[in-house]
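Notes to accompany the following structure.
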Amino acid sequence: MLKSLLFTAVLAAAIPLDEELFGRPMDLGSKINITAREDQTASAGSPQGNGLHSGFFYSFWSDGQGSVTYNNLAGGSYNSQWNNVGNFVGGKGWNPGGAKVVQYNGTWSGASVNSYLSLYGWTKDPLIEYYIVESYGSYNPSSGASKKGSVTSDGGTYDIYQTQRVNQPSIVGTATFTQFWSVRQTKRVGGQVTTGNHFDAWTKSGLKLGSHNYMILATEGYHSSGSSSITVSEVGKTEAPYAGQPDSRNPNN
């Protein structure tokens, strides 16, 4: 009986929760919350969920494989460390998102592993999942995607892509939705991201967003190990977007 249980545990750990993440168009949205695994992957840091912390919106999700520690820090700062993780995404930003000049800086060790550093968000009506990818590691998110054009912004050129997800988890539950991508040709960790330039370029390419939901400067890892320490803010703003509001946490969908 013991051998059987051990075999089952090893087998479960070896099978990815969602094989369409990385290697195909990703879905880093609000995943199904696996409560039994939540404490195992986040016990040493901030718990999984989304809400407000130190005046900023945050979101943190993990599929429960491997180990990941995500820490909300003061203001727009957070750090993360992951080891043999299945999949996780976490970061700080705004809810709702929208046209902003986002400033970010920090460190990210994912350049040689399966990881992304991106401005990531959702809209509703239509339901759109979007990425402005600043840097990626061993997997190029444009692989297999349909190129729609390019946009020059903030000292670099980004290629624009579109993909579709069918019956996949989203911020409204299981749904079919479109993904928009801007992928920076010259990778970087730190700088400004003028989101309105990307939104306008997407619209000109026939990619129309809906009403903005959340938008975060996200670290993501997939079947990899690494770390990040990121601070995000909005250019021209001297205080946090939700200054004075109490910290809060909601469970992931």
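Using a distance-only test at 3.5 Å, with no hydrogens or angles considered, no donor-acceptor pair links the side chain of Ser59 to the main chain of Asn50. Judged by distance alone, with hydrogens and angles left aside, the side-chain atoms of Lys187 form a donor-acceptor pair with the main-chain N or O of Tyr136 at under 3.5 Å. A distance-only check finds a donor-acceptor pair linking the side chain of Ser143 to the backbone of Asn140 [under 3.5 Å]. Listed for the Arg249 side chain is a donor-acceptor partner under 3.5 Å among the backbone atoms of Gln48. No donor-acceptor distance shorter than 3.5 angstrom exists from the side chain of Thr194 to the backbone of Gly196, with no hydrogens or angles considered. Judged by distance alone, with hydrogens and angles left aside, the side-chain atoms of Ser182 form no donor-acceptor pair with the main-chain N or O of Ile160 at under 3.5 Å. Proximity of a side-chain donor or acceptor of Ser115 to a complementary backbone N or O of Glu220 within less than 3.5 Å is detected. Although no hydrogens or angles enter the test, the distance criterion places a donor-acceptor pair under 3.5 Å between the side chain of Asp63 and the main chain of Asn87. With Lys92 contributing its side chain and Gly75 its backbone, the two residues share a donor-acceptor pair below 3.5 Å. When atom types are taken as modelled, the side chain of Ser229 and the backbone of Gly106 share no donor-acceptor pair closer than 3.5 angstrom.
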Show the numbers, then the answer: is there a side chain to side chain contact (heavy atoms under 4.5 Å, CB included) between Val193 and Val101? CA-CA 6 Å; Val193 181; Val101 181; over 6 Å; no
| query | Gln65 and Phe88: side chain to side chain contact (heavy atoms under 4.5 Å, CB included), yes or no, with the steps? | reply | CA-CA 9 Å; Gln65 298 183 48; Phe88 94 96; over 6 Å; no
Please report the C-alpha distance between Trp122 and Tyr130 in whole Å, then the side-chain angles of each, then the deciding distance to 0.1 Å, and finally whether the side chain to side chain contact (heavy atoms under 4.5 Å, CB included) criterion is met.
CA-CA 6 Å; Trp122 286 87; Tyr130 66 83; 5.7 Å; no
Given the rule in the ring-ring contact (aromatic ring centres under 6.0 Å, His included) test, do Trp202 and Phe180 qualify, once you have shown the distances and angles that lead to the verdict? CA-CA 8 Å; Trp202 293 346; Phe180 297 168; 5.7 Å; yes
(request) Report the C-alpha distance between Leu117 and Leu217 in whole Å, list the side-chain angles of each, state the deciding distance to 0.1 Å, and finish with yes or no for side chain to side chain contact (heavy atoms under 4.5 Å, CB included). (result) CA-CA 7 Å; Leu117 188 66; Leu217 201 296; 3.9 Å; yes
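Taking all atoms of both residues into account, the shortest heavy-atom contact from Asn250 to Gly51 is ND2-CA, 4.4 Å. Residue Ser150 comes nearest to Thr157 through the heavy atom pair CB-CG2, 4.2 Å, listed as atom of the first residue, atom of the second, then distance.
You'll find the side chain of Thr178 stays beyond 4.5 Å of the side chain of Thr163, heavy atoms only. Two residues are said to be in side-chain contact when any heavy atoms from C-beta on lie closer than 4.5 Å; Thr195 and Met215 meet this criterion. Side-chain contact check for Gln192 versus Val102: every heavy-atom pair is 4.5 Å or farther apart. Proximity of Ile132 to Tyr158: side-chain heavy atoms (C-beta onward) are separated by under 4.5 Å at one or more points.
For the atom pair Leu52 CG and Ser248 OG, the distance stands at 4.0 Å (nearest 0.5 Å). Interatomic distance, Gln162 CD to Ser146 OG, rounded to the nearest 0.5 Å: 6.5 Å. Rounding to the nearest 0.5 angstrom, the gap separating the CZ atom in Phe177 from the NZ atom in Lys124 is 13.5 Å. The OH atom of Tyr161 sits 13.0 Å away from atom CG of Leu207, with the distance rounded to the nearest 0.5 Å. Between the OG atom in Ser142 and the CD atom in Gln185 there is a gap of 10.0 Å [rounded to 0.5 Å]. Here the straight-line distance linking atom OG of Ser205 with atom NZ of Lys148 works out to 8.5 Å at 0.5 Å rounding.
For the residue pair Ser80 and Ser228, a side-chain donor N or O sits within less than 3.5 Å of a side-chain acceptor on the partner. Looking at Asn114 and Ser224, their side chains never bring a donor and an acceptor atom within 3.5 Å of each other. Judged purely by distance below 3.5 Å, without hydrogens or angles, the side chains of Tyr120 and Glu129 pair a donor atom with an acceptor atom. Side chains of Trp108 and Thr219: no donor on one and acceptor on the other come within 3.5 Å. For the residue pair Thr123/His212, the side-chain donor-acceptor check at 3.5 Å is not satisfied. Defined by atom type and a distance below 3.5 Å, a donor-acceptor pair is present between the side-chain atoms of Asn83 and Ser225.
If you look at Tyr131 and Trp181, their ring centroids are closer than 6.0 Å. Separation of the Tyr78 and Tyr70 ring centroids falls under the 6.0 Å cut-off.
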Could you pull out all donor-acceptor pairs under 3.5 Å where a side-chain atom in residues 230-244 meets a protein atom, sequence neighbours excluded?
| unit_1 | atom_1 | unit_2 | atom_2 | d |
| --- | --- | --- | --- | --- |
| Thr231 | OG1 | Ser77 | OG | 2.6 |
| Tyr242 | OH | Asn95 | N | 2.7 |
| Tyr242 | OH | Asn95 | O | 3.0 |

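If you chain together hydrophobic residues whose side chains sit under 4.5 Å apart, Tyr104 and Leu73 never meet in one group. Neither Val113 nor Val85 shares a network with the other; the hydrophobic side chains, linked directly or stepwise wherever heavy atoms of I, L, V, M, F, W or Y lie under 4.5 Å apart, form separate groups for each.
The salt bridge (charged side-chain N to carboxylate O under 4.0 Å, His left out) search around Asp154 returns none, not counting sequence neighbours. With sequence neighbours excluded, no residue satisfies ring-ring contact (aromatic ring centres under 6.0 Å, His included) with His53.
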